[in-house]
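Accompanying notes for the structure given below.
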Amino acid sequence: MSLSQGVEAVESADSSAAGPPEEAAGGLWRDAFRRLRHNPTAILGAALVTIFVLVAIFAPLLAPYDPKVADLSQIRPGDFPGPSREHLLGLDSQGRDELSRIIYGARYSLLIGVVSLAVGATLGVILGLIAGAFGGWVDSLVMRLVDIMLSIPGLLLAIGIAALLGRSLKSVMIAIAVVNVPVFARLLRGSMLAQRRSDYALAARSLGVTRSRIVLQHVFPNSLGPVIVQATLALATAIIDAAGLAFLGLGSPDPSIPEWGRMLAETNSLLATEPLLALWPGLAIVLSVLGFYLLGEALREALDPKLRR
Amino acid sequence: MRNLRRRGVIALGLAGLLAGTAACGGGDGGNDGGSGGDEAGGTMVFGTSSDPVSMDGAYVSDGESLRVVRQLFETLVTTEPGGTEIVPLLAKEWESSEDGTSWTFTLQEGVKFHDGTDFNAEAVCANFDRWYNFKGVQQSASVSYYWQTVFSGYAKNEDPALGTSLYKDCQAQDGKAVINLTSASASFLSGLALASFSIASPEALTKYEADKVTGTGEEPRFEGTFGTQNPVGTGPFKLETYEPNNRLVLARFDDYWGDKSKLDKVIFKPIADGPARRQALEAGEIQGYDLVDPADLGALEGAGFQIVERPAFNVGYVGFNTAKKPFDNIKIRQAVAHALNRQALVTAKYPPGAEVAKQFMPPSLFGYASDVPEYEYSVEKAKALIAESGVANPTIEFWYPTGVSRPYMPDPVANFQAFSADLTAAGFTVVPKSAPWNPDYLNAVDTGGTGMRLLGWTGDFGDPDNFVGTFFRTKQTAWGPLEESIYTDLEAARQEPDEAKRTSLYEAANKKIMEFLPGVPYVHTKPALAFAKGVEGYVPSPVSIEDFSKVSLSS
């Protein structure tokens with residue numbers, strides 16, 4: 001640890017104590033970003049996430065073939081053409097270009113991950129905000145509801161909801177969103193409780209600032225740190241859950257849609273003859289999830305005041 | 001259609017037991033499973049996809065149960081090894097009265113049941129009377145499916161939808177069994193070869209309470225022990241032990257009246273998972289298994305295993321519900337037929353030997369017409385027909401089942417994807433619909449909920465009525481309304497006693513069906529079995545009437 005870093009830390013701590021809370025939040029983020037930049041794990045995570053997002057967005061430009069167009073002419077039972085110059089990752093069981101399907105698969109993973117997370121986190125944050133802001137019986141009611149939801153294992157809950165809603169991308173998104181609601185509600189509420197008892201909240205109150213203004217403008221923004229970290233980690237889980245649901249056959253009813261989980265499930269019976277076809281979607285899932293996970297962990301370390309050096 | 005359902009139940013229900021069977025998979029197979037080394041004898045372990053539902057043939061219609069029943073019991077007549085021609089078994093010879101309503105069977109002599117009692121005409125009549133007098137749950141289609149298929153009804157029908165029974169009575173006269181029918185039926189004799197009409201020891205049926213069945217049609221409970229622990233027939237094997245989910249051991253019946261079994265024992269070992277069966281064969285835990293995945297054939301053959309193919313006796317088809325738009329429009333049906341590249345699918349996804357189907361029954365059966373309208377693959381013709389149909393932007397609800405593998409459809413998802421791509425190329429908008437095979441998919445089909453669907457049929461006995469008759473002889477919600485004359489023509493063909501006339505009637509019916517096009521048949525495939533080196537004498541049968549007593553092992 002360098003001296004300058006130590007000084008900065010002291011300075012930022014000073015400013016957060018002295019200045020208004022908004023500025024302190026900004027300082028915290030600037031600080032966190034600086035720490036991230038020096039963390040190789042974070043760089044690797046960010047790189048993986050960037051690649052994943054770019055591939056997802058520019059899939060139509062990157063994919064050499066249409067991922068849905070099948071051509072059975074080269075396919076024989078138990079014998080599909082492997083990697084070649086025309087098809088870098090070979091052909092799948094329907095004669096479609098595997099590379100194009102992996103590339104388009106990133107789109108579906110990102111879409112499901114982001115949408116389900118946005119919906120789940122928003123609902124969770126609203127619930128957590130209500131619980132944290134009002135306290136008392138409202139808090140008890142919301143938190144018992146959250147406890148009930150948390151008592152069911154996440155993937156099991158997702159499977160149940162997806163199965164109930166029928167096979168579609170939408171029901172997968174809803175299922176994963178629901179699983180995320182209690183996690184975020186609890187996180188925000190806990191974080192807000194801690195902030196409410198802090199000195200700056202007390203100071204604001206003593207100056208006669210209204211309760212709603214304290215909660216919305218001071219406590220809430222300062223409680224968001226852990227939520228952001230959780231969101232990054234939850235995106236990793238969402239991708240795995242989406243793949244898991246597709247693997248179990250709960251994704252879209254159109255089997256030509258290139259979802260990584262479904263692609264993996266399709267190779268289940270082909271492991272003996274075409275093991276590479278199981279490798280590609282597996283690798284894609286692992287790398288994208290690893291990216292979000294590494295980035296999330298690094299973010300958590302960077303934002304954790306106890307780890308400040 | 002019912003037997004499809006029953007077979008599906010087993011495939012799905014037993015999937016849950018996968019963990020259990022896999023856990024038992026390692027241990028005991030090897031000990032019993034050796035080739036024995038004796039000149040004759042030895043034990044063969046055969047991998048099955050599930051345990052039998054019951055060993056009482058009257059109550060089962062799924063392949064795994066019937067396989068076991070055929071080793072323990074015998075029927076009056078059977079099919080020639082490897083074919084569908086009817087040959088004698090417990091009945092030496094038979095003749096029918098001129099009007100075809102009275103059949104006299106002369107029986108083999110000196111035949112004994114496993115419990116030592118004598119097989120005779122009284123025993124035959126006792127069995128027929130037992131089936132005829134089924135009550136309550138026994139009358140449900142899922143329990144006595146084949147009795148309903150061949151004989152329609154019972155002594156006292158409890159469901160008014162059941163027809164009048166074809167069976168009238170049975171008399172034992174001077175050692176001969178005379179079976180009287182209420183009307184002539186050309187498919188009666190072929191039907192008797194079904195293992196469901198196995199002759200059981202009347203004494204054992206009573207002693208082990210074979211008729212004690214409770215529960216519901218969907219979930220019957222067999223309370224007696226006849227079907228689980230004490231099946232007593234005249235077959236070349238008798239039951240030694242049955243441990244559900246682990247193994248079912250048959251031992252040679254030494255007082256068998258015919259050629260005694262070459263094997264000392266046959267063990268049926270349930271392994272629900274297809275890839276696990278292949279691994280068990282490779283590991284030497286089993287010496288054979290059925291319904292080999294087409295994708296595994298090459299690898300198994302390359303590793304020195306024997307592949308035995310059954311003659312093609314099935315049909316895979318794309319079915320329409322003509323009550324649903326746009327399938328009420330003949331041009332749309334024809335457009336679909338032209339749009340599907342059936343040859344490409346069959347070459348890519350079916351084992352060598354599979355052929356593109358032109359009609360709803362296999363070529364080996366009499367009544368197969370050589371001059372039905374054919375709908376060759378042509379995207380242009382499909383597009384032209386869509387234009388002629390007057391339906392703008394035709395949208396198709398296309399259904400496929402999940403969680404199932406059938407001989408005519410090893411991988412339904414693959415078939416769906418190939419056809420779906422073909423249809424899209426021809427200008428259709430395909431809405432994918434899927435459901436688990438049992439019960440959702442089959443229910444959706446039976447209730448007419450599927451506009452267009454993937455399905456198929458494996459023949460039970462060598463008669464066209466078991467193919468086109470099953471589909472089109474009666475009005476069915478699944479198919480929607482067909483041309484009226486198709487129903488009447490098929491009914492007439494069923495009742496026609498003269499074989500030559502029947503053949504031409506069925507040929508004409510097949511042409512008419514393919515002109516009307518209630519669906520597009522696309523494949524007849526040859527399901528394959530795999531055996532270890534040294535297994536000899538297994539004769540594959542188109543209707544799966546296969547005798548393990550002729551099998552021998554050499555090391």
Side-chain angles (χ1 to χ4, degrees), chain A residues 65-81 91-98 100-101 159 162-171 245-259 261-275 277-278, chain B residues 273-276 278-279 282 292-303 340-354 397-405 410-425 430-437 440 525 528:
Chain A
Y65 298 90
D66 185 332
K68 286 182 163 190
V69 167
D71 175 15
L72 288 172
S73 60
Q74 295 187 62
I75 305 295
R76 295 293 173 272
D79 179 22
F80 320 141
L91 296 176
D92 79 347
S93 63
Q94 295 291 318
R96 295 171 297 217
D97 181 52
E98 182 76 2
S100 304
R101 288 180 69 73
I159 290 171
L164 210 67
L165 296 176
R167 301 182 61 178
S168 72
L169 282 182
K170 210 196 291 169
S171 48
L245 291 176
F247 186 87
L248 294 172
L250 290 165
S252 159
D254 182 355
S256 63
I257 284 188
E259 287 172 283
R262 182 203 295 281
M263 290 165 70
L264 206 52
E266 274 173 12
T267 59
N268 203 4
S269 57
L270 304 171
L271 277 177
T273 45
E274 305 288 336
L277 285 181
Chain B
D273 185 42
R278 191 193 73 230
Q279 286 159 11
E282 286 165 344
V292 179
D293 187 329
D296 293 338
L297 287 173
L300 283 171
E301 222 162 5
L340 302 180
N341 191 346
R342 297 177 267 172
Q343 184 65 59
L345 177 74
V346 170
T347 321
K349 293 290 166 189
Y350 287 85
E397 264 193 12
F398 189 5
W399 285 70
Y400 68 94
T402 56
V404 69
S405 171
D411 182 3
V413 184
N415 294 10
F416 169 82
Q417 294 191 77
F419 283 163
S420 175
D422 290 342
L423 291 166
T424 311
V430 178
V431 181
K433 293 271 183 181
S434 76
W437 174 252
D440 305 0
T525 184

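None of the values given here were measured: they were computed from a predicted structure. What you see below is based on every heavy atom in this structure, not just the backbone, and it leaves out hydrogens, waters and symmetry mates.
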Mind checking what makes side chain to side chain contact (heavy atoms under 4.5 Å, CB included) contact with B/Ala354, not counting sequence neighbours? B/Val346, B/Tyr350, B/Val523, B/Thr525
Please flag which part of B/Pro294 lies under 4.5 Å from any non-hydrogen atom of chain A: side chain, backbone, both or neither. both
Nearest-0.5 Å distance that lies between atom CD in A/Glu266 and atom CG in B/Asp411: 8.0 Å
When every non-hydrogen atom of B/Lys349 is compared with those of A/Pro77, the smallest separation belongs to C-CG, 4.0 Å
Proximal component of A/Ser256, with respect to chain B [non-hydrogen, under 4.5 Å]: both
Among B/Pro351, B/Ala348, B/Ser434, B/Pro432, which residue has the highest count of heavy-atom pairs closer than 4.5 Å to chain A? B/Ala348
Interatomic distance, B/Gln417 atom CD to A/Leu72 atom CG [nearest 0.5 angstrom]: 9.5 Å
Looking only at heavy atoms, which two atoms of B/Val413 and A/Pro255 are closest? And how far apart? CG1-CB, 3.4 Å
Taking atom CZ of A/Arg167 and atom NZ of B/Lys433, what is their separation to the nearest 0.5 Å? 11.5 Å
Closer than 3.5 angstrom, by distance alone: can the side chain of A/Lys68 be matched with the main-chain N or O of B/Ala421 as a donor-acceptor pair? no
Listed by number, the residues in residues 247-254 of chain A that come under 4.5 Å of chain B (heavy atom to heavy atom) are A/Pro253, A/Asp254
If I measure from the heavy atoms of chain A, does B/Leu345 come under 4.5 Å with its side chain, its backbone, both, or neither? both
